[in-house]
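Report on the following structure.
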Amino acid sequence: MAKEKKIKPSKETPSGFIDRKEKELLIRDFVISNIKEVMIKYGFQYLETPSFEYTDSIGKFLPDKDRPGEGVFSFKDENKWLSLRYDLTAPLARYVAKNYNEIPKPFKRYQLGTVWRNEKPGPGRFREFLQFDADYVGTKNPQADAELCILLAETLSKCGLDKNEFIIRVSNRKCFFGLLDFLEIKNENQRIAAVRAVDKYERIGIEGVKSLLGKGRTDKSGDFTKGAELNKKQIDGIVAYIKENSLYDEERENFKGSARFAPLAVWDDLSPLYSEGIRELGGFFGLTELSEYKDQIVYSPTLVRGIEYYTGTTFEANLLFKVKNQKGKEIEFGSVGGGGRYDNLINRFGNLDVPCTGVSFGLDRLVFALMQKKDFKIKSVKPVVICIFDQKNIENYFGILNKLRSSNISSEIYPGEGKLKKQMEYANKIQSPCVIFYGDDEIKKGEVKLRNLKTGEELSIKIENLVNEIRKII
RNA sequence: GCACGAGUAGCUCAGUUGGUUAGAGCAGCGGUUUGUGGAACCGAAGGUCGGCAGUUCGAAUCUGCCCUCGUGUACCA
């Protein structure tokens, strides 16, 4: 009597992969069309590279490793490892190295594409997402960095963010490394730990940073993070630097306002590297000050992005409003985009001295945030529904359908089977603006009945007037 | 990766100290209305209680392991 065991296939999407519905896709389309417009205006070329690359072309994975490291999706094809791209910068470096003789110098390109990361998903973070990149290849000019920030600001602004809803924080790696030199922090592990600690300042506060620079910190979930174990003098030096330079007060409650680039005299000549960073920032801000986004692009010395390959200017766009998840709970949202200068990425292919700078952002996160703005509405067109009364009159229904579609009105004959009530429920469900009744009675009179589904209003009209009447409703 | 929390119908959830046949609201389906949606009423249906193993006479409930989701943290090319 053993009952046959039903084995049902899973209805779930793989972890970190999601279905995306029309509302989100329409906003994404809107964002994409704005990005393209801005890119054309700024003179960038459109490029597309494949989803898969040879693992060693885009990764930092050791050839002796049997399998590419965690973080990427890979498989072995014949004898070579292939990986799905995890960003658009690495494929760009590969493309530039391959086509170095043909491309203009400098080379400006933009790219939109899906990227994949095999890592734990978080709020607003998935394992498959759409990324946008714009890069300058082959120029050291700070004008390039400045333009990227301006175009980032313009893009966000065009996509519906007010100027007081976002900020682009700018820093230069050389400044912070200069400070570390001055404080005689030479151990590479300590330097990295210090960078990461300072990068968290705005989230965990000055005391949190102190703990991370010292012995370590226990977060509110009870998890312990090991610290950099610097000495007191070194910690005090970094803390003083943060206090002098931070855009926020110590409680991180109040934004001190738009900080103009004006490094304090006391920090001058800290170290040669520091001065070089300051000079580069001077060139950068000289240009952004001339832009209409000068108030949104601010100096923020505590910004030190985690990405390893950055060599100079770095920047990051943050939203200034709170973002909630589906359950209405506020979440740590992080940045919507960022970038910086990477002058050494292409020389590993043997093309020496190709300085680059680029910006990238994940469209999904921006879309996620935009969806929460109450005043943000994207119009979506829904079809007028022609109801079916009797299959024998199907030619009449098609007559109306053709008339509407040739007038470019989204329309359909009810695609299912069922009574009028069911048809009305369908039309209501898909948010159709109106339905058309064209039964025996109407056909005899040469009229159609048009029911407005928003108001419930119903009027009988001559067929010739149908298109005009519908245009009034939609 | 680490930590905390959660997983019961399509969705949101209830389910007592372990005790017959696991409940509700909403959605869906059928009907009241064979030509009128968003309201009401009636009816029927819908469940391997995340999975596997264990304890027990008996497990949605207790234990262990695993999976998935959420949040934080770490990492982030």
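Residue numbers begin at 1 in each chain, while the letters A, B, ... track the order of the sequences. Below, each value reflects all heavy atoms present in this structure, side chains not excepted, and no hydrogens, waters or symmetry copies. Remember, predicted model here, so these are calculated numbers, not experimental data.
Put simply, the side chain of Gln431(A) and the base of G37(B) share no donor and acceptor less than 3.5 Å apart. A donor N or O paired with an acceptor N or O is found under 3.5 Å between the base of C76(B) and the side-chain atoms of Arg125(A). Between the base of G37(B) and the side chain of Asn428(A) there is a donor-acceptor pair shorter than 3.5 Å. Counting atom types as modelled, Glu458(A) pairs a side-chain N or O with a base atom of U36(B) as donor and acceptor under 3.5 Å. Side chain Lys419(A) to base U32(B): no donor-acceptor pair is found below 3.5 Å. Not a single donor-acceptor pair, N or O on each side, falls under 3.5 Å between the base of G28(B) and the side chain of Lys422(A).
Applying the Watson-Crick and G-U wobble criteria (two distances, each under 3.5 Å), U34(B) pairs with nothing in any strand. Using Watson-Crick or G-U wobble geometry with both donor-acceptor distances under 3.5 Å, U20(B) finds no partner in any strand shown. Under the Watson-Crick or G-U wobble criterion, with both distances below 3.5 Å, G72(B) is paired with C2(B). Look at G43(B): its Watson-Crick or wobble partner, with both distances under 3.5 angstrom, is C29(B). Across all strands shown, U55(B) remains unpaired; no Watson-Crick or G-U wobble contact has both distances below 3.5 Å. Across all strands shown, nothing is found opposite U61(B) as a Watson-Crick or G-U wobble partner with both distances under 3.5 Å.
Taking 4.0 angstrom as the limit, Ser15(A) places a side-chain polar atom (N or O) nearer than this to OP1 or OP2 of C69(B). Residue Lys200(A) places at least one side-chain N or O closer than 4.0 Å to OP1 or OP2 of A74(B). Within the 4.0 Å cut-off from OP1 or OP2 of A74(B), at least one side-chain nitrogen or oxygen of Arg203(A) is found. Taking side-chain N and O atoms only, Arg196(A) has a distance below 4.0 Å to OP1 or OP2 of C76(B).
Lys226(A) comes within contact range of no nucleotide atom at all, as no heavy-atom separation falls under 4.0 Å.
Atom CG in Asp19(A) sits about 13 Å away from atom P in C69(B), given to the nearest Å. Distance Asp440(A) CG to U34(B) P: 17 Å, rounded to the nearest Å. Computed from coordinates, the Leu453(A) CG to U36(B) P distance equals 15 Å when rounded to whole Å. As rounded to whole Å, 19 Å separates atom C1' of U36(B) from atom OH of Tyr438(A). Distance CZ (Phe389(A)) to C1' (G35(B)): 5 Å, rounded to an integer number of Å.
Nucleotides A53(B) and C67(B) have their C1' atoms positioned 15 Å apart, rounded to a whole Å. A39(B) and C29(B): their P atoms are spaced 13 Å apart (whole Å). A distance of about 8 Å separates the C1' atoms of G58(B) and G18(B), rounded to the whole Å. Distance noted for atom C1' between G23(B) and G47(B): 11 Å (whole Å). Across the C1' atoms, U55(B) and C13(B) are found 30 Å apart, a figure rounded to whole Å. Between A14(B) and A22(B), the distance separating the two C1' atoms is 11 Å to the nearest Å. Look at the P atom in both G28(B) and C41(B): the space between them is 15 Å, to the nearest Å. Comparing the P positions of U17(B) and U63(B) gives a spacing of 15 Å, expressed to the nearest Å.
Nearest to the side-chain atoms of Glu442(A) among the listed nucleotides U73(B), G35(B), G37(B) stands G35(B). Side-chain proximity of Lys421(A) to G37(B), G72(B), G35(B): nearest is G37(B).
Side chains of Arg341(A) and Thr357(A): no donor on one and acceptor on the other come within 3.5 Å. With hydrogens and angles left out, the side-chain atoms of Gln391(A) and Asn393(A) include no donor and acceptor closer than 3.5 Å.
Ring planes of Tyr136(A) and Phe44(A): perpendicular class, angle over 60° (limits at 30 and 60°). Ring-plane geometry between Phe75(A) and Phe52(A) is classed as perpendicular, the angle between the planes exceeding 60 degrees on a 0 to 90 degree scale with a lower cut at 30.
Mapping Lys454(A) and Gly16(A) onto RNA chain B by nearest heavy atom places Lys454(A) at the nucleotide closer to the 5' end. In this structure, Asp441(A) and Phe17(A) both approach RNA chain B, and ranking their closest nucleotides by distance from the 5' end singles out Asp441(A).
For the pairing with Tyr342(A), the side-chain hydrogen bond (donor to acceptor under 3.5 Å, both in side chains) check across Thr311(A), Thr89(A), Asp135(A) returns one residue only, Asp135(A).
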Steps toward ring-ring contact (aromatic ring centres under 6.0 Å, His included) verdict (Phe389(A), Tyr438(A)): CA-CA 8 Å; Phe389(A) 290 87; Tyr438(A) 195 46; 8.9 Å; no
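A salt bridge does not link Glu425(A) with Lys419(A): every distance from a Lys NZ or Arg NE/NH1/NH2 to an Asp or Glu carboxylate oxygen is 4.0 Å or more.
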